[in-house]
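These notes concern the structure reproduced below.
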Amino acid sequence: MTDASRRYRSVPGLAELGDGRIRYSERMMPLLAALGARFGAERPFAGLSVAACLHVTAETAVLIRALRAGGAQVTLAASNPLSTQDDIAEALRARDGVAVFAKAGVDRLAYYEHILAALDACADGRGPDLVIDDGGDLVSTLHTERPRFLAGVRGGCEGTTTGVLRLRRMAAEATLAFPVVAASDTPVTRIVDNTHGTAQSVIDGLLRASGVLLAGKTVVVAGFGACGAGIADSARALGARIVVTEVDPVRALDAVLRGFRVLPMADAAPLGEVFVTATGSTEVITAEHFAVLRDGAILANAGHFDAEIDVRALAAAAVAVETDVRPHADAYELPDGRRLLLLAEGRVVNLVAAGGHPPEVMDLAFGIEALALAWLAASAAKLAPGVHRVPQDIDAEAARLVLTALGTKLDTLTESQRSYQANWHLGS
Ligand code: NAI
């Protein structure tokens with residue numbers, strides 16, 4: 001641990017508190033537990049230095065412990081100071097000897113200083129062998145502020161769609177100096193994260209902010225993609241009647257065949273009592289819809305940007321706004337007396353009004369990243385600089401390890417089944 005990372009050592013008992021929370025999450029993260037044991041035996045990161053820029057949470061700490069079991073020296077900076085949990089940072093420093101450069105609520109300047117410190121603390125100032133990033137700030141700082149480290153980097157992992165977009169732009173300009181695996185979009189993460197994790201936490205955020213009973217309500221879900229389909233299923237399971245809006249005929253057909261009513265937003269607007277947008281697009285609920293929404297309609301967004309509900313138009317249409325009628329709920333009063341309830345100011349409702357993803361979801365996301373880092377450690381010399389997909393067998397391996405931990409067994413193809421599938425003569 002470096003002196004700089006000790007700067008934030010604080011309150012007695014903080015490390016114990018953080019350690020207890022890490023161990024609580026650990027029990028819900030079977031994939032990382034299995035990988036920690038495997039890495040301990042195989043030591044894929046022996047002698048390697050990993051610079052990480054991640055939300056400093058209990059789940060991240062479980063990942064870091066697994067990487068360290070595999071022999072990695074890890075330094076950690078926060079990928080967002082607002083999500084830093086100081087007790088976790090302190091537990092990692094005090095219990096694991098990790099150089100953690102993070103403190104809740106620090107300003108922008110300190111945020112970037114921390115990223116630089118995490119890079120500088122790697123391998124006694126020689127820089128990292130591997131990086132793991134969440135949003136692209138560490139990789140971009142590495143290229144702009146510490147280009148002397150670039151030659152030593154074998155590769156990295158990026159865990160967000162936003163970060164992957166930044167990396168692709170760097171790759172298009174031929175600036176990206178090493179291979180990076182885009183861990184945010186694999187078949188497994190789409191199922192576990194976008195569909196199940198997001199659905200649960202969006203409903204959680206919606207309920208916490210509004211307190212509404214969903215049973216018997218008409219819930220309009222805009223966008224029937226990975227997120228929207230999960231939200232629609234979860235709301236229906238709680239007794240809501242679902243209306244889906246879509247622009248893609250294939251997704252709309254899927255929604256119809258799963259028993260959902262599909263309507264254009266203009267027709268859904270006067271029917272809905274609760275609205276959730278999950279399109280990744282913009283201006284999905286606008287002034288023309290506010291004009292016909294029912295009194296008391298609740299508006300929430302699950303998409304990445306706060307552009308899906310036209311909040312500016314809502315503010316312009318309102319004669320009064322009562323903020324914080326409940327935590328993360330503002331009531332907009334329209335000239336005809338109707339009141340519309342906007343949750344989380346139109347920002348991502350599950351991140352603002354609920355606790356984000358459960359440990360099981362982060363287990364898979366981080367487990368895939370840990371497997372990808374081990375793969376990079378072994379094979380990066382053969383990979384060209386640029387953005388790479390997660391290899392299919394890593395995705396399948398992560399799913400297999402979770403199923404094993406859950407005690408779920410699968411069938412295996414027999415030799416005869418394999419040759420049947422491989423041979424186009426058979427069966428004809
Ligand atoms: P997706 O691409 O699978 O689904 C989006 C769906 O919206 C598509 O079916 C598309 O046809 C539809 N759509 C686009 N414009 C529309 C419009 N104007 N009206 C109705 N439907 C429209 O994307 P996915 O994975 O479901 O993600 C959706 C959004 O949620 C993205 O912004 C993504 O970044 C975000 N997201 C949020 C998470 C969270 O924790 N809240 C987690 C994962 C993703």
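Side chains are part of it too, since the values below use all heavy atoms of this structure and drop only hydrogens, waters and symmetry mates. Indexing begins at 1, ligand by ligand and atom by atom, following the structure's order.
Residue Thr198 holds the heavy atom nearest to atom 42 (C) of ligand 1 of all those in Thr195, Asp248, Thr198. Distances from atom 22 (C) of ligand 1 to the heavy atoms of Thr160, Asp185, Thr279, Asn194 show the closest one on Thr279. Taking only non-hydrogen atoms, the option from Arg347, Glu308, His304, Glu283 nearest to atom 35 (C) of ligand 1 is His304.
The distance criterion of under 3.5 Å between nitrogen or oxygen atoms is met by Ala302 with respect to ligand 1. Distances between N or O atoms of Val202 and those of ligand 1 include no value under 3.5 Å.
Ranking protein heavy atoms by distance to atom 44 (C) of ligand 1, first place goes to Cys227 SG, 3.4 Å. Summary of contacts: the protein heavy atom closest to atom 40 (O) of ligand 1 is Asn350 ND2, 2.8 Å. Atom 12 (C) of ligand 1 has its closest protein heavy atom at Glu246 OE2, 3.3 Å. Nearest to atom 1 (P) of ligand 1 among the protein's heavy atoms is Arg251 NH1, 3.7 Å.
The backbone and the side chain of Val247 each have at least one atom closer than 4.0 Å to an atom of ligand 1 (non-hydrogen atoms only). With a heavy-atom cut-off of 4.0 Å, Arg190 touches ligand 1 through its side chain alone.
For the atom pair CG (Asp248) and OG1 (Thr279), the distance works out to 12.5 Å, reported to the nearest 0.5 Å. Once rounded to the nearest 0.5 Å, the distance linking OH of Tyr111 with SG of Cys53 reads 4.5 Å. Within the model, atoms NZ of Lys409 and CG of Leu403 stand 12.5 Å from one another, a figure rounded to the nearest 0.5 Å. From Thr277, atom OG1 reaches atom CD1 of Ile231 across 8.5 Å, with rounding to the nearest 0.5 Å.
Every ring-ring contact (aromatic ring centres under 6.0 Å, His included) that Phe45 has, sequence neighbours left out, goes to Phe39.
Residue pairs meeting the salt bridge (charged side-chain N to carboxylate O under 4.0 Å, His left out) criterion with at least one partner in residues 213-229, sequence neighbours excluded, do not occur; the list is empty.
Side-chain contact, Gln85 with Thr57: no donor N or O sits under 3.5 Å from an acceptor N or O.
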